[in-house]
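Worksheet: the structure to be examined is printed underneath.
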Amino acid sequence: MNRNIKKVVYEILSKDKLAREDTMYLIQQTIIRMLDVNQGTAFGIVIQGMKYKGISFEAITRAKRKFLEEHPDLVDDDTEQIRRQEEQEYEYEYSRHIPRID
């Protein structure tokens with residue numbers, strides 16, 4: 001993993017509200033900043049460049065989650081409400097499927 005990912009992601013998240021709301025936008029901005037690419041660069045070339053530089057989607061999303069844990073005041077209210085609703089639905093759905101132990 002490239003150690004600069006965390007620095008770049010933190011910098012983007014602290015300045016850009018859209019990046020805090022949209023993960024794909026954050027990934028795009030991180031790749032643009034870390035690789036020499038533009039809008040017309042082929043996807044395969046971008047993926048090869050990511051592999052060569054040690055950049056991964058998982059590392060970017062992990063850094064985003066860590067940033068939002070450290071800065072809860074920057075979390076978007078709508079996003080947080082949707083996440084909590086999905087969590088409640090998940091708990092409700094799987095709480096009924098507890099297997100019996102006989």
Side-chain angles (χ1 to χ4, degrees):
M1 181 180 95
N2 190 335
R3 297 196 184 271
N4 294 330
I5 291 175
K6 183 177 178 181
K7 293 177 189 175
V8 172
V9 170
Y10 273 43
E11 182 181 327
I12 293 170
L13 288 172
S14 63
K15 294 179 181 177
D16 195 351
K17 183 180 183 209
L18 181 58
R20 291 190 295 264
E21 296 172 0
D22 187 5
T23 305
M24 291 307 294
Y25 177 77
L26 172 65
I27 291 171
Q28 178 189 15
Q29 293 302 313
T30 305
I31 291 171
I32 288 171
R33 179 127 351 132
M34 295 187 76
L35 299 176
D36 294 328
V37 298
N38 57 23
Q39 298 294 336
T41 306
F43 184 70
I45 295 171
V46 172
I47 295 297
Q48 286 176 353
M50 287 176 61
K51 183 178 180 182
Y52 177 73
K53 294 268 188 165
I55 303 169
S56 67
F57 295 132
E58 293 84 7
I60 296 170
T61 56
R62 186 180 317 117
K64 177 183 178 183
R65 287 191 304 268
K66 195 169 191 177
F67 176 83
L68 293 176
E69 284 177 8
E70 294 173 3
H71 302 90
D73 55 322
L74 296 177
V75 176
D76 183 41
D77 293 333
D78 295 335
T79 305
E80 183 66 19
Q81 183 180 8
I82 291 169
R83 187 195 64 76
R84 286 184 181 175
Q85 183 179 4
E86 289 175 353
E87 183 178 312
Q88 287 176 350
E89 290 173 1
Y90 179 83
E91 288 176 0
Y92 177 73
E93 176 68 26
Y94 288 98
S95 66
R96 297 181 296 157
H97 297 292
I98 299 174
R100 287 183 43 183
I101 302 175
D102 291 334

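Nothing here was measured: the structure is a model prediction, and the numbers come from that model. In this chain, numbering begins with 1 at the start of the sequence shown.
Within the structure, salt bridge (charged side-chain N to carboxylate O under 4.0 Å, His left out) pairs that include any residue of residues 65-75 do not occur (at least two apart or interchain). Among pairs with a residue in residues 21-31, those fulfilling salt bridge (charged side-chain N to carboxylate O under 4.0 Å, His left out) read K17-E21, at least two apart in sequence or across chains.
For Y92, there are no ring-ring contact (aromatic ring centres under 6.0 Å, His included) partners, not counting sequence neighbours. Every side-chain contact (heavy atoms from CB on, under 4.5 Å) that E58 has, sequence neighbours left out, goes to S56, R62. In this structure Q48 satisfies the side-chain hydrogen bond (donor to acceptor under 3.5 Å, both in side chains) test with no other residue, sequence neighbours excluded. In terms of the side-chain hydrogen bond (donor to acceptor under 3.5 Å, both in side chains) criterion, residue partners of T23 (sequence neighbours excluded) are, by chain and number, K64. Considering only residues two or more places apart in sequence or on other chains, Y10 meets the ring-ring contact (aromatic ring centres under 6.0 Å, His included) condition with F67.
I60 and M24 fall within the same hydrophobic cluster, where Ile, Leu, Val, Met, Phe, Trp and Tyr residues are linked whenever their side-chain heavy atoms come under 4.5 Å apart, directly or through other members.
Within the hydrophobic cluster formed by Ile, Leu, Val, Met, Phe, Trp and Tyr side chains joined at under 4.5 Å, directly or through other members, L18 is accompanied by Y25.
Note: Q29 CD to K15 NZ = 12.0 Å, rounded to the nearest 0.5 Å. A distance of 9.0 Å separates CG in N4 from CD1 in I55, rounded to the nearest 0.5 Å.
Scanning all heavy atoms of the two residues, the minimum distance from I12 to A19 falls at CG2-CB, 3.8 Å. Nearest heavy-atom pair, A59 versus I5, reported as atom, atom and distance to 0.1 Å: CB-CD1, 3.9 Å. Contact between G49 and L35 at its shortest, heavy atoms only, is O-CD2, 3.8 Å.
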Cut-off 3.5 Å, no hydrogens considered: what does the side-chain donor-acceptor table look like for residues 84-91, sequence neighbours left out?
residue	atom	partner	partner atom	Å
R84	NE	E80	OE2	3.1
E87	OE1	R83	NH1	2.8

Could you give me the CA-CA distance, side-chain angles and deciding distance for F57 and T30, then say whether side chain to side chain contact (heavy atoms under 4.5 Å, CB included) is met?
-> CA-CA 10 Å; F57 295 132; T30 305; over 6 Å; no

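Contact check for I31 versus V46: side-chain heavy atoms found under the 4.5 Å cut-off.
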